[in-house]
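First the structure, in the form of structure tokens, and then the observations on it.
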Amino acid sequence: MLDVRKIRLILELRELGINDSKVLSAIEKIPREKFVPINFKNQAYDNIALPIAENQTISQPFVVAKMTQLLDINKTHKVLEIGTGSGYQTSILSLLCRRVYSIERIKSLLTEAENIFLDLKLTNIVTKYADGNLGWKEQIPFDRIIFTAATSNIPDIFFKHIDNDGIIVCPVVNQNKQSLVKYKKIDNKITKDVYDDVVFVPNLKGVQ
Ligand code: SAH
């Protein structure tokens, strides 16, 4: 259903520089209201982060759109996501790539997200309950990797787990600030570009 609030959100994202029509169309198609707690459903199409269970958050639509746009995804890509959370970002990715491999360290969140993927018939998402910082060795290499929790140092293994032209997008912690960073492997060297300041929950070790 394309209601007024959804149209308003898409226009706002355009004004904020989201110009990739495939990304905007994925945002239009995935019902964000399914991923937010019942008492926040009326704010599902506001351009704000919202609380979910276990003191975690569903990211702001602009940040989801921006990270997805930076990933420059196509239908042939295998994408790894660290931090399934509500599953909203995962679902957006699933419409744009071949397969999403998503890792979450909180079991209850992962189960809830998996139920929504079933409900929405998103069949190209594979999930894993684990500490995402350990990677997903059986599935390497990936074309794209996205971290959706604030990370101080991306473990070196991830730069080995992408091929040439591979991209990693991550909210990186630097002193007291977090910024979106895009890394790209070109001729086996890593380039780094820094984008918007953001606020993400922290990347934590182990599982819960
Ligand atoms: N993209 C998500 C954002 C979720 S918040 C969404 O749209 O809802 C970030 C998530 O990362 C949380 O669910 C948190 O539990 C998870 N997380 C944090 N550190 C992690 C780690 N090391 N491995 C896997 N998941 C992690």
Side-chain angles (χ1 to χ4, degrees), residues 1 6 22-23 25-45 48-61 63-65 67-68 71 73-151 155 158 161 168-171 200-208:
M1 187 188 67
K6 211 170 202 179
K22 285 184 299 184
V23 174
S25 140
I27 300 249
E28 225 173 271
K29 285 191 190 120
I30 296 294
R32 191 168 183 256
E33 72 270 12
K34 291 219 187 265
F35 298 85
V36 304
I38 189 123
N39 42 339
F40 288 102
K41 298 251 185 241
N42 61 343
Q43 293 176 72
Y45 293 100
I48 51 174
L50 291 168
I52 56 173
E54 307 287 351
N55 290 322
Q56 304 302 313
T57 51
I58 171 170
S59 308
Q60 183 192 3
V63 174
V64 172
M67 292 177 92
T68 310
L71 282 170
I73 295 176
N74 72 42
K75 276 285 183 191
T76 70
H77 285 157
K78 248 174 104 175
V79 180
L80 174 66
E81 178 186 45
I82 315 295
T84 318
S86 68
Y88 178 64
Q89 170 81 71
T90 326
S91 305
I92 299 284
L93 295 170
S94 83
L95 297 187
L96 302 172
C97 71
R98 179 153 59 89
R99 200 168 289 277
V100 192
Y101 296 85
S102 186
I103 310 178
E104 171 57 53
R105 65 177 292 279
I106 301 179
K107 183 73 182 166
S108 58
L109 288 181
L110 189 59
T111 304
E112 261 186 70
E114 285 166 344
N115 287 335
I116 304 176
F117 302 151
L118 276 178
D119 185 30
L120 296 179
K121 301 187 171 59
L122 301 173
T123 53
N124 62 341
I125 299 172
V126 188
T127 57
K128 177 164 162 164
Y129 169 53
D131 177 348
N133 295 315
L134 305 174
W136 195 325
K137 291 186 190 67
E138 299 78 10
Q139 293 299 339
I140 56 175
F142 294 97
D143 300 290
R144 301 289 185 259
I145 301 178
I146 177 173
F147 286 75
T148 73
T151 305
F158 290 99
H161 290 180
I168 300 178
V169 172
C170 179
F200 274 81
V201 294
N203 181 331
L204 300 174
K205 287 194 166 65
V207 292
Q208 177 183 324

Donor-acceptor under 3.5 Å (K41 side chain, E33 main chain): yes
K29 and S25 side chains, donor-acceptor separation under 3.5 Å: yes
Sequence neighbours excluded - ring pair (Phe, Tyr, Trp, His ring centres under 6.0 Å) pairs with any residue from residues 88-111: F35-Y88, Y101-W136, Y101-F142
Reported CZ-to-CD1 distance for the pair R144 and I168, which is rounded to 0.5 angstrom: 10.5 Å
CA sep, side-chain torsions, deciding dist, call: K128, E138, side chain to side chain contact (heavy atoms under 4.5 Å, CB included): CA-CA 12 Å; K128 177 164 162 164; E138 299 78 10; 3.8 Å; yes
Donor-acceptor side-chain pairing of S86 and Q56 below 3.5 angstrom: no
Minimum heavy-atom distance between I27 and A65, given as atom pair plus value: CD1-CB, 3.9 Å
Euclidean distance, S91 OG relative to I125 CD1, rounded to 0.5 Å: 4.5 Å
Min side-chain heavy-atom separation I116-L122 under 4.5 Å: no
By side-chain contact (heavy atoms from CB on, under 4.5 Å) - contacts of A113 (at least two apart): T84, F117
Side-chain donor or acceptor of T151 paired with backbone N/O of A149 under 3.5 Å: yes
Between OG1 on residue T57 and CD1 on residue I48, distance to nearest 0.5 Å: 11.5 Å
Any V36 side-chain heavy atom under 4.5 Å of Q43 side chain: no
Atom pair CG (L80) and NE2 (H161), whose distance is rounded to the nearest 0.5 Å: 9.5 Å
Heavy-atom side-chain proximity of T68 to Q89 below 4.5 angstrom: yes
Between F200 and F147, ring centroids under 6.0 Å: no
Approximate separation, where rounding is to 0.5 Å, of R99 CZ and T123 OG1: 7.5 Å
Contact check, side chains of D143 and T76, non-hydrogen atoms, under 4.5 Å: no
Minimal non-hydrogen separation, L204 against D131, with atom names: O-OD1, 4.1 Å
Heavy-atom closest contact (P155 atom, N133 atom, distance): CG-O, 3.8 Å
Between CG on residue L134 and CZ on residue R105, distance to nearest 0.5 Å: 11.5 Å
For K34, salt bridge (Lys or Arg N to Asp or Glu O under 4.0 Å) partners two or more places apart: D119
Where K6 and P31 come nearest, the two heavy atoms and their spacing: NZ-CA, 4.5 Å
R32 (side chain) donor-acceptor with A44 (main chain) under 3.5 angstrom: yes
Donor-acceptor contact below 3.5 Å, side chain N124 vs main chain R98: yes
Sub-4.5 Å side-chain heavy-atom contact between E104 and T127: no
Beyond-backbone contact of Q208 with E54, side-chain heavy atoms, under 4.5 angstrom: yes
Heavy-atom donor-acceptor pair, S59 side chain to V64 backbone, under 3.5 Å: no
N55 CG: over 12 foreign heavy atoms closer than 6.0 Å: no
Enclosure of K75 NZ (heavy-atom neighbours >12, cutoff 6.0 Å): yes
